[in-house]
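Order of the sequence lines fixes the chain letters, A, B, ..., with proteins taken first and strands second; residue numbering starts at 1 for each chain.
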Amino acid sequence: MVTLRFAPSPTGKLHIGNVRTALINYLFASAQGGRFILRIDDTDQARSTQAYEAAIKEDLTWLGLNWAESFNQSDRFDRYQAAADRLRDMGLLYACYETSEELDRKRKIALSRGRPPVYDRAGLDLSVEARAALEGEGRRPHWRFKLSGGRVDWVDLVRGAQSIDTHSLSDPVLIRDDGSFLYTLPSVVDDIDYQISHIVRGEDHVTNSGAQIEIIQALGGTPPEMAHTSLLIGADGAALSKRLGSLSMDVLREQGIEPMAICSLLAKLGTSENIEPRASLGELAAEFGFDKFGRAPARFDEAELKRLNAAFIREKSFADMQMDLAAIDQRAVQDPAFWETVKANCETVQDIRPWIEIVYGVIAPVIAEEDRAYIEDAIALLPELEFGDGAWRAWTAALKEKTGRKGKALFMPLRKALTGLGYGPDMSALLPLMGRERAKTRLDG
RNA sequence: GGUCCCUUCGUCUAUCGGUUAGGACGCCUGGUUUUCAACCAGGAAAGAGGGGUUCGACUCCCCUAGGGACUGCCA
């Protein structure tokens with residue numbers, strides 16, 4: 001039985017990068033018939049909030065990434081404490097007394113001397129007396145895990161054979177000087193307790209994985225399978241982090257992006273599969289495979305998401321969209337033909353707004369000076385009877401007859417006068433929707 | 001400074017020593033719609049640079065350049 005986990009910390013909103021990791025975990029678990037667990041990494045009490053936690057859960061639910069079980073690390077401090085005690089008993093957890101400033105200074109000095117900024121393990125050599133003296137100064141220790149100094153190897157599902165030299169790593173701090181836990185130990189303890197079979201996360205965690213494997217082994221656990229996916233970068237090739245705010249789920253949702261558009265893109269981006277609309281997570285799961293992932297950073301382009309969303313929208317019937325349409329404007333649901341007519345011109349549902357005004361509201365017509373006379377003819381020939389399906393055809397045929405205009409010259413002035421725009425849905429469908437009176441008013445200018 | 005990863009059309013990628021270097025999205029052109037979009041068809045478009053190895057290199061090796069990650073009492 002495979003068990004995967006997604007472990008966000010509730011210190012911010014879910015963005016496109018997080019969601020990709022969540023989705024990949026979900027998809028693999030689903031494809032294997034396994035479990036997908038949501039773990040809230042809220043060990044950082046100062047920065048974690050209930051609001052973010054709720055928002056994360058809301059976003060995941062919106063995306064359809066349902067979890068079999070969820071828990072908070074803040075409820076499991078006793079477990080982490082027990083693990084810390086065991087490590088301490090084994091001599092693998094040692095007290096250090098440097099302040100952050102002192103550590104910072106040490107790093108800078110090492111760097112300036114051309115040496116790697118690795119912790120010098122000064123804490124390891126402290127005698128009982130020395131420790132007592134330091135504590136007498138009012139210092140409280142933080143605690144580091146003693147790395148083996150050897151190599152940690154694993155076969156990564158995405159990156160292949162990995163070998164991390166722990167000698168080049170600083171011993172990770174597991175417990176802060178205020179006694180609180182950093183994420184490392186809780187993560188390891190939870191992965192063991194919940195029998196996580198696969199850890200799937202971004203490649204920014206590869207060195208963490210090296211240290212974590214050693215801690216897992218020290219605690220008597222078996223390291224899970226590991227998969228580190230390459231990170232997403234922006235369309236401009238720069239790090240995505242700068243634009244994370246605009247790519248948060250709540251913003252995308254407000255823009256009218258479909259959850260499956262997001263999932264379809266994120267499941268395939270950076271893989272050898274074509275990025276195409278998929279209607280369900282089940283389809284994406286069936287197509288999922290770590291062997292399809294490349295190792296180079298993939299570019300996330302918001303424009304691509306919009307295009308994919310447009311493709312989704314064209315597939316949506318009025319029934320599919322009724323709720324969303326009503327939420328935007330009641331007028332959008334009074335005639336199913338409205339959606340069917342307008343959807344091909346929308347990238348997101350929100351794009352119906354201008355068409356609502358065009359069909360049901362008031363807009364400023366656009367009539368070029370040289371087309372005045374033509375529009376006068378058009379008014380004269382406007383079909384008297386109430387508009388049906390053939391109104392546009394009959395009207396333009398008559399106009400063609402009268403003016404000799406054809407093609408673009410025949411249609412574009414009418415489109416611009418009636419909609420204020422040079423593009424849009426089929427006029428033969430749009431005209432009956434807006435009705436004779438509205439058309440007349442706009443032609444009058 | 002160090003460690004690790006990466007580099008094929010604009011973008012995501014296929015190729016696992018011998019191919020007219022393939023596909024998808026985008027783009028361009030044409031068709032259709034007597035208009036735009038949508039839709040359909042066709043087209044242009046790529047091996048970062050330099051050295052090797054080899055009968056033969058996109059593919060293997062080295063160097064250079066460029067990009068990414070890590071190097072936190074963040075996760």
| message | Counting the atoms with a prime plus P, OP1 and OP2 as sugar-phosphate, which does Asp104(A) contact under 4.0 Å by heavy atoms, base, sugar-phosphate, or nothing? | response | nothing
| task | Would you say whether Tyr423(A) stacks on C36(B)? The test is a distance between ring centres of less than 5.5 Å and an angle between planes of less than 30°. | result | no
| Pairing partner of G42(B) (Watson-Crick or G-U wobble, both distances under 3.5 Å) | C28(B)
| On a whole-Å scale, what distance lies between the C1' atoms belonging to U53(B) and U20(B)? | 27 Å
| said: Please list, in numerical order, the residues of residues 342-354 of chain A that have a heavy atom closer than 4.0 Å to any atom of RNA chain B. | reply: Ala344(A), Asn345(A)
| query | If only side-chain N and O atoms of Arg415(A) are considered, is one of them under 4.0 Å from the OP1 or OP2 phosphate oxygen of U35(B)? | reply | no
| field | Nearest-Å distance for atom pair CG/C1', residues Asp426(A) and U34(B) | value | 12 Å
| request: Remember a base hit wins even if backbone is also touched, and classify Ala397(A) as base, sugar-phosphate or nothing at under 4.0 Å, heavy atoms. | output: base
| request: Answer yes when Glu101(A) and Arg105(A) have at least one side-chain N-carboxylate O distance shorter than 4.0 Å, and no when they do not. | output: no
| message | Please report the distance separating the P of G68(B) from the corresponding atom of U13(B), rounded so that it comes out in whole Å. | response | 16 Å
Using atom names, set out every protein N or O paired with an N or O of nucleotides 72-75 of chain B below 3.5 Å, distance rounded to 0.1 Å.
residue	atom	partner	partner atom	Å
C73(B)	O2	Asp177(A)	N	3.2
C73(B)	N3	Asp177(A)	OD2	3.4
C73(B)	N4	Glu98(A)	O	2.4
C73(B)	N4	His142(A)	ND1	3.0
C74(B)	OP2	Arg176(A)	NE	2.7
C74(B)	OP2	Arg176(A)	NH2	2.8
C74(B)	O2'	Arg47(A)	NH2	2.1
A75(B)	OP1	Thr43(A)	OG1	3.4
A75(B)	OP1	Arg176(A)	NH2	3.3
A75(B)	OP2	Tyr183(A)	N	3.2
A75(B)	O3'	Asp41(A)	OD2	3.4
A75(B)	N6	Asn208(A)	OD1	3.3
A75(B)	N6	Asn208(A)	ND2	3.0
A75(B)	N1	Asn208(A)	ND2	3.3

| task | With heavy atoms under 4.0 Å as the rule, sort Arg159(A) into base, sugar-phosphate or nothing. | result | sugar-phosphate
| field | Distance in angstrom units between Arg20(A) CZ and C12(B) C1', rounded | value | 11 Å
| request: Could you measure between the two P atoms, the one in G18(B) and the one in C27(B), and give it in whole Å? | output: 35 Å
| Could you give the CZ-to-P distance, from Phe411(A) to A37(B), as a whole number of Å? | 15 Å
| So is Arg144(A) actually on top of Tyr119(A)'s ring, under 6.0 Å and inside 45° of the axis? | yes
